[in-house]
Structure formats: structure tokens, C-alpha cells
Amino acid sequence: QVQLVESGGGVVQAGGSLRLSCVASGQSFSAYVMGWFRQFPGKEREFVAGVSKFGHAKMYGDSVKGRFTISRDNDQNAVFLLMNALKSEDTAVYYCAAGGRASSLSSYRNGDEYDYWGQGTQVTVSS
């Protein structure tokens, strides 16, 4: 079992930055690909970013590419999402997730590949 706890959400003006954190407890953190997803009210969750088990490979959703950066620190059992140049359309609940079954990193763009999810943190971007 892995427990994930996100933090760092809040209210920020458009053009500003926020850094989300997700700390994991439980089984070996480095056994998992880590991802960030977001969900808009009444919509399906959307893939934001993913990072491989040891941080060597990263991938991003098209809407955040060039603005968001995912990173992880396996010594701290943590994954981070640095969000720059925030827009009002980035307003959502952000979730971190952990998964380890699929062999291809690209598979983790699909939320179904993740086994563990955090409770979410609200990000609100005011225009």
C-alpha cells in the first residue's frame, strides 16, 4: 500500500507560479512511476505530467508543456509539480498518483495505469 498526500495548492493570479508537492508513505517509492492529473468540475480527469521511477524520463500533457515541470526526489519519497505562467484554465483539483504495472512510460498517460491516488489539492488561478 502507498499513501499519497498532496500540498501546495492555493489561489494565484494569472501569470504566477505554484509548486505542488506529493509525499508518499508505504512501500518503496522508487518502484513507482509518478504522475499528476487534474480534474475540472464535471469533466474527466486530465493527464498533466509523469516521471519515470528514477526521474530520467518525463512527459507532459499538451496543454501544460513548456509551463509545468515535474520532478521527484526518491530520498524524500516526494514528487513535485512546478507550475509557471498559470492561466485561468489551469484551475482544477490536482491529484498525484503512483503506478508500477506497465512497462512503457507512455502508458502512464492513462489514469487507469495508476494504483494509488492522493486526495487532491485545489489550484485556483484568478484572472
Side-chain angles (χ1 to χ4, degrees):
Q1 286 286 337
V2 175
Q3 293 80 42
L4 302 173
V5 179
E6 303 100 333
S7 62
V11 180
V12 63
Q13 286 192 331
S17 299
L18 276 179
R19 184 180 188 239
L20 304 183
S21 300
C22 173
V23 177
S25 59
Q27 296 179 353
S28 176
F29 182 69
S30 61
Y32 297 96
V33 169
M34 297 301 297
W36 286 97
F37 287 77
R38 64 188 181 184
Q39 190 161 23
F40 308 105
K43 298 284 185 68
E44 294 284 322
R45 67 190 169 200
E46 174 184 277
F47 172 75
V48 175
V51 61
S52 60
K53 296 176 182 180
F54 292 96
H56 300 308
K58 302 174 183 180
M59 55 183 178
Y60 298 93
D62 289 341
S63 60
V64 307
K65 201 173 297 183
R67 299 188 297 123
F68 290 11
T69 303
I70 189 171
S71 61
R72 68 187 293 163
D73 185 332
N74 286 354
D75 290 333
Q76 295 185 45
N77 285 1
V79 61
F80 308 98
L81 186 68
L82 176 61
M83 306 184 293
N84 293 325
L86 282 161
K87 307 174 182 179
S88 57
E89 52 263 43
D90 294 317
T91 296
V93 178
Y94 285 71
Y95 298 89
C96 73
R101 290 174 284 120
S103 57
S104 168
L105 183 62
S106 62
S107 299
Y108 291 93
R109 290 179 176 271
N110 185 340
D112 292 341
E113 291 298 336
Y114 293 84
D115 299 308
Y116 304 103
W117 293 82
Q119 83 288 350
T121 186
Q122 175 71 46
V123 171
T124 302
V125 184
S126 62
S127 56

- Item | Parallel, tilted or perpendicular: rings of Tyr114 and Tyr108 (30°, 60°) | perpendicular
- Message: I'd like to know if Lys65 pairs up with Asp62 as an ion pair, taking the criterion as any Lys NZ or Arg NE/NH1/NH2 lying under 4.0 Å from an Asp or Glu carboxylate oxygen.
- Response: yes
Linking I/L/V/M/F/W/Y whenever their side-chain heavy atoms sit closer than 4.5 Å, directly or via other members, would [X] and [Y] fall into one cluster?
X      : Y     : result
Phe47  : Phe80 : no
Tyr95  : Val79 : no
Tyr116 : Met34 : yes

With rounding to the nearest 0.5 angstrom, report the [atom1] to [atom2] distance, [X] to [Y].
X      : Y      : atom1 : atom2 : answer
Ser21  : Leu82  : OG    : CG    : 10.0 Å
Arg101 : Asp115 : CZ    : CG    : 4.0 Å
Ser25  : Gln1   : OG    : CD    : 10.0 Å
Leu18  : Thr121 : CG    : OG1   : 9.0 Å

Testing the basics here: between [X] and [Y], what is the closest heavy-atom pair and its distance to 0.1 Å?
X     : Y      : value
Arg45 : Gly111 : NH2-C, 3.5 Å
Ala49 : Leu81  : CB-CD1, 4.1 Å
Lys53 : Ser30  : CB-O, 3.2 Å
Ser17 : Asn84  : OG-OD1, 2.7 Å
Leu4  : Gln119 : O-OE1, 3.6 Å
Gly55 : Arg72  : N-CD, 3.8 Å

- Task: Report yes if the side chains of Ser63 and Glu89 come closer than 4.5 Å at any heavy-atom pair, otherwise no.
- Result: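 No, every pair of side-chain atoms sits at 4.5 Å or beyond.
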- Task: Carefully, step by step, assess Met83 and Val12 under the rule side chain to side chain contact (heavy atoms under 4.5 Å, CB included).
- Result: CA-CA 11 Å; Met83 306 184 293; Val12 63; over 6 Å; no
- For Val33 and Leu105, run side chain to side chain contact (heavy atoms under 4.5 Å, CB included): C-alpha distance rounded to whole Å, both residues' side-chain angles, the deciding distance at 0.1 Å, then the answer. CA-CA 8 Å; Val33 169; Leu105 183 62; 3.8 Å; yes
- Considering residues, nucleotides and ligands other than Lys43, do more than 12 of their heavy atoms fall under 6.0 Å from its NZ?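 Open.
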Give a yes or no on whether the backbone of [Y] and the side-chain of [X] come within a donor-acceptor separation of less than 3.5 Å.
X      : Y      : value
Ser88  : Val125 : no
Arg19  : Gly8   : no
Tyr60  : Ile70  : yes
Gln13  : Ser126 : no
Asn110 : Ser107 : no

- Query: So Phe68 and Leu86, side chain to side chain contact (heavy atoms under 4.5 Å, CB included) or not? Walk me through it.
  - Reply: CA-CA 9 Å; Phe68 290 11; Leu86 282 161; 3.8 Å; yes
- Which one of Trp36, Phe37, Tyr94 satisfies the ring pair (Phe, Tyr, Trp, His ring centres under 6.0 Å) criterion with Trp117? Phe37
